Novice: 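Can you keep this structure in mind? I'll have questions shortly.
Bear in mind the structure is a predicted one, so any value in this text is a computation, not a measurement.
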Amino acid sequence: MHFDAPILTDFDDDPRHAPEAPDPTQALLADLTEPQKQAVLHTEGPLLVLAAAGSGKTRVITRRIAYLVHCGVPAWQILALTFTNKAAGEMRERIGTLLGEGARASRGLTVCTFHALCARLLRRYAEAAGLKPEFAIFDTSDQLALVKKAVEACQLSTANFQPRAILSAISNAKNDLLDAEQFAAGAMDFSTRCVAQVYRAYTRMLRQANAVDFDDLLLLTARALAHNASVREECRARWQYLLIDEYQDTNKAQFQIASLIAGEGQAGSRRPNICVVGDPDQAIYGWRGADISNILDFEEHYPAAAVIKLGENFRSTAPILAAADTLIKRNTRRKHKPLFTSKSGGDRVECVLCRDEHHEARLAADWLRSRHEAGTPWREMAVFYRTNALSRVMEDALREANVPYTIARGTAFYDREEIKHALAYLRVVANPADGVSLARIVNVPTRAIGDTTYARLESHAAAQGVTVFEAMRRAGSAADLNARAQGAVGKFVQMMDGWTAGGAFMGQSLSTSLADLVDRVVKESGLESMYKAQAHTSKSDADAERVENLAELVSSARQFEMEYDPAADPAADPAAGGTPPLLAMLRGYLESVALVADADAVDPAQGSVTLMTLHAAKGLEFGAVAMIGLEEGLLPHARARENDAAMEEERRLCFVGITRAMRRLLMTASKYRTIRGMSERTIPSRFLGELPGEHVTISDQSDMWDGHDEEHEDASQETPRDGNRRIVGGGGVRPGAHQYPVGSVVRHPQFGVGVVQSATLGADARVVVAFRGVGTKTLVVAYARLTLVNPAG
DNA sequence: TTGCGATCCCTTTTT
DNA sequence: GGGATCGCAA
């Protein structure tokens, strides 16, 4: 999860290897095909590698880097950029293995994501970017909170200007390298001008909070590189060899960052050593601003570029490959590029039309089980879906079928309420200007600093031009705060100071280790005891789990600490101003937490089936793959309707899913699907119809299923089950609200144990349940995963 | 104020 | 399915 590829660290010793020693070099090339070899050997000058799915791309990249090092290029001169931490970690590991003992030869090598690189550059060159090095990285929920405030500050209504929509407009602008002023300049109509106004306010508030959002990481880095010659020259001098994976998914900002580091446009005849690798057929991030023309026009940008095509597929059987090829051929905006394999034989792709999502999930689970019985280990199997919402039914079915599974959601842990709270404390510790985090935790647990008090503090801060935390420090002189509030605020400030020594991070009474600091914050803030108290009174697993999660956060900090290399952290550079080591480490930790991706959680070491979205599946491969939800509106997604470019992207997404499969592929659709509580008739995906008949079997089993038989069974009682599909007739009445009388104790898998407060009747009967420590929730009786623990009475 | 309950409203993908 | 929000009652 964490990574500390050192950057901008000077090494006194030169790890240059003697150029002789042909043997290791030969070993690097021995098992490569001719085009693969060419890609490895072409080390000087721009290179475009068009790598079709399954063509051995990762192998080429890792060999190429190892080869460079063998040829005497110091590893620290090499920069390799990926899209996920997972990909970066794997690449680093494989290169380390190739280079052999001690990993000394790979010392200083930089392999990381664009975002991680930018975060580090911005800390190193914070001043040039107009930031302070302890800046926070805001996630989507922080961004939304801030946009909402910005909309209000502009005196606009959040009803007419939905924060979500505005945020997405701002994000698009940033991905196109437009700052607030440039965006405003192009805003003609009323609504766009309002967005521009909010953009301005939002940017101002971000800077006041000393924070950046995900898009800023790229935008501000691109800007610093473009406008600041010394930043640019330092980076160019350091990284002589640049390699970018998944180049088809880079956006304008990333393109500019890459170009500036590579040295495009420099006077003279310098041919930058930039190697980009990608596949236009796997471009699936258009919605995030990725611009496929970056890869298509590479040769125009670098006229000296060599182009190498890797076409042969080493991954999939012929029928799977034929399915993928036939499908992707439907895309019109595409250079045709046949996929081929020298393998023959292989099972047909199986397509099944099911009755409903429960049938579909059960069928997929049974299919996986049969693959397992045929010898495929669980870890070599995966289930893909278009939207995360589809994972739930699948999970239930896998649990019932006793199929071990893990969901690839790297962010899930950090999305938990208790973790978000703890991290918010830490963020304020690292960066007291972070008003968004401060607002989150100032009254959690309750310490008599309510909304009213906080609003007053905010207005003081605004009036005096200081941060809210500074206003809290001065609360003693705030006339409109009563003594009780002043006391409460004073205690809060004192608590924070106890962790930071008033922000100095120096002194013998302070924590010496990061884990110790996190532990202190979790305990002394009262968070832990708050959840402990709840766990005690409610006896629910959910609350006990929260306490455990907090403990896990402490151990994740300890883990980070052990892997942390201060020399690798540019912010810890003594020349950068003598940052206390604990603060530097805390920054690094918070940064690594902010940049985790869902795909990072894919752990093949576990003996379980992996569930993930199609987007997260890119770059992976599995022996057997089940793709579910092949329906119009889902895949292709409804949002892609009436938009040819978006529709082609959906097709590429489907293509990516298919090409992950090595030997077996199941694709399912269901005739009926429950969408926000309503069962709706669906239409099978057009993509199914686009598959080649001779390599695909299609079966309609939608009338072979009649079962709502055990939907509300308590999944925790692990009833043994045979592997056969159960087809149960009759008896499929969904439970009504009358089954949960007021006063009943129920269990919800996420919210824990609660008491039914009230119930409504009718087709979409709902119950209001008070959950301990979570609050009250209104749940749809027919679909909520409720278990009756104890009926009223 | 705070807690509760009802009503509204949405709904992709992710660094 | 459930998050957000707003009005109402205590």
Novice: Tell me every residue that passes side chain to side chain donor-acceptor pair (under 3.5 Å) with A:Glu458, counting only those two or more places apart in sequence or in another chain.
Specialist: A:Lys149
Novice: Applying side chain to side chain donor-acceptor pair (under 3.5 Å), can you list everything that pairs with A:Arg660, at least two apart in sequence or on another chain?
Specialist: A:Gln282
Novice: To the nearest Å, give me how far apart CG (A:Asn85) and C1' (B:dT15) are.
Specialist: 9 Å
Novice: Between A:Gln254 and A:Gln256, do the side chains contain a donor N or O and an acceptor N or O under 3.5 Å apart?
Specialist: no
Novice: A:His637 or A:Phe83: which one's nearest nucleotide on DNA chain B is closer to the 5' end?
Specialist: A:His637
Novice: Looking only at side-chain atoms of A:Thr113, point me to the closest of B:dC10, B:dT15, B:dT14.
Specialist: B:dT15
Novice: In whole angstrom, give the distance that lies between atom CG of A:Leu634 and atom C1' of B:dT13.
Specialist: 12 Å
Novice: When the distance from CD1 of A:Ile675 to P of B:dC10 is rounded to whole Å, what number comes out?
Specialist: 16 Å
Novice: Stacking here means centres under 5.5 Å and planes under 30°; does A:Phe214 stack on B:dT14?
Specialist: no
Novice: Under 4.0 Å, heavy atoms only, any strand: does A:Phe114 hit a base, just the sugar-phosphate, or nothing?
Specialist: nothing
Novice: When the distance from CG of A:Asn251 to P of B:dT14 is rounded to whole Å, what number comes out?
Specialist: 17 Å
Novice: Taking atom CZ as the centre, does A:Arg447 end up with more than 12 heavy-atom neighbours from other residues, nucleotides or ligands that are less than 6.0 angstrom away?
Specialist: yes
Novice: In whole angstroms, how far is the P atom of B:dT14 from the CZ atom of A:Arg288?
Specialist: 9 Å
Novice: In terms of side-chain heavy atoms of A:Asn388, which of B:dT14, B:dT15, B:dC10 is nearest?
Specialist: B:dT14
Novice: Using the side-chain heavy atoms of A:Lys148, tell me which of these nucleotides is nearest: C:dT5, B:dC10, B:dT15.
Specialist: C:dT5
Novice: Using whole Å, what does the distance between atom C1' of nucleotide B:dT1 and atom CZ of A:Arg456 come to?
Specialist: 13 Å
Novice: Can you work out whether A:His115 or A:Glu650 has the more 5'-proximal nearest nucleotide on DNA chain B?
Specialist: A:Glu650
Novice: Do A:Tyr414 and A:Asp139 get their side chains close enough for a donor-acceptor pair, meaning under 3.5 Å?
Specialist: no
Novice: What is the separation between atom NZ on A:Lys618 and atom C1' on B:dT15, rounded to the nearest whole Å?
Specialist: 12 Å
Novice: Is the distance from OP1 or OP2 of B:dT15 to the nearest side-chain N or O of A:Thr84 less than 4.0 Å?
Specialist: no
Novice: Nearest whole angstrom, please: distance from the P of B:dT14 to the OH of A:Tyr414.
Specialist: 18 Å
